[in-house]
Amino acid sequence: MHNIVILISGTGSNMAAIVQAAERERWHEHPGARVAAVISNRADAKGLAFARQRGIATAVLEHGGFATREAFDAELATLIDSHSPALVVLAGFMRILSASFVARYAGRLLNIHPSLLPAFTGLHTHQRAIDAGCRFAGCTVHQVTAELDVGPIVEQAMVPILAGDDAATLAARVLSQEHLIYPRAILRVLSQN
């Protein structure tokens, strides 16, 4: 069984989309995968309740109790490894990870970014796309590397930027595509391993 560990910090809508796809598409049968755990760095992350309701193991490891990023990442890796992950999926996990953490899960660590990478790495992607006069925006699932938002692209989806869009309306349209492509990207990576 390919265990998937998902890391969240908030509502976990991408995590929920992945869990629902796994249930609907019977990932436990093919490719023999399951969401084994959902871990958050915030005790108040609403996505934890969704995971618990689905019978998925959950854990909280608050980053504020650690003196350094590396100390937090080391403890997080221990927690993740207790679930023997084939894949670690960042789904709104709002932490920049240390190079040693990224190296530990090289080729098995995915993230989703709300832009068509390589455009608009970092924050405020929707407003930046609107301000730049782009006609299209979108989202990208990529493998995580030590450099922020530049890892190999696994899957992308594009949406038009409409007249009158603001960052919120564009973000909502992009998020609906995130929910579609993240499960597909996970299946693609698992099929390659």
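When side chains are defined from C-beta on, Val38 does not count as touching Ser40, because their heavy atoms never get closer than 4.5 Å. A 4.5 Å side-chain heavy-atom check between Arg188 and Val154 finds at least one atom pair inside the cut-off. Annotation: side chain of Asp149 is in contact with side chain of Asn111 (closest heavy-atom distance under 4.5 Å).
Under the 30°/60° scheme for interplanar angles, the aromatic rings of Phe93 and Phe72 are found to lie parallel.
For Glu29, the salt bridge (Lys or Arg N to Asp or Glu O under 4.0 Å) criterion is met by Arg26, not counting sequence neighbours. When the side chain to side chain contact (heavy atoms under 4.5 Å, CB included) test is applied to Ser191, no partner is found at least two apart in sequence or on another chain. Checked against side chain to side chain donor-acceptor pair (under 3.5 Å), Asp165 has the following partners two or more places apart in sequence or in another chain: Thr169, Arg173. The ring-ring contact (aromatic ring centres under 6.0 Å, His included) search around Tyr105 returns Phe101, not counting sequence neighbours. Evaluation of the side chain to side chain donor-acceptor pair (under 3.5 Å) rule for Glu25 yields Trp27 as partners, not counting sequence neighbours.
Surrounding NE2 of His28 are more than 12 heavy atoms belonging to other residues, nucleotides or ligands, all under 6.0 Å away. Around CE of Met94, the count of heavy atoms belonging to other residues, nucleotides or ligands within 6.0 Å does not exceed 12.
No side-chain N or O of Ser98 forms a donor-acceptor pair with one of Arg69 less than 3.5 Å apart. Under 3.5 Å, the side chains of His83 and Asn3 contain no donor-acceptor pair of N or O atoms.
Heavy-atom minimum distance, Arg128 versus Leu123: NH1-O, 2.8 Å. Heavy-atom minimum distance, Gln156 versus Thr140: NE2-OG1, 2.9 Å.
With respect to the salt-bridge test (charged N to carboxylate O, under 4.0 angstrom), the residues Arg104 and Asp81 qualify.
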N/O donor-acceptor pairs under 3.5 Å from side chains in residues 177-184, not counting sequence neighbours:
{"residue": "Glu178", "atom": "OE1", "partner": "Asn14", "partner atom": "ND2", "Å": "2.8"}
{"residue": "His179", "atom": "NE2", "partner": "Ser13", "partner atom": "OG", "Å": "2.9"}
{"residue": "Tyr182", "atom": "OH", "partner": "Leu90", "partner atom": "O", "Å": "2.6"}
{"residue": "Tyr182", "atom": "OH", "partner": "Leu110", "partner atom": "O", "Å": "3.3"}
{"residue": "Arg184", "atom": "NE", "partner": "Glu155", "partner atom": "OE2", "Å": "3.2"}
{"residue": "Arg184", "atom": "NH2", "partner": "Glu155", "partner atom": "OE2", "Å": "3.1"}

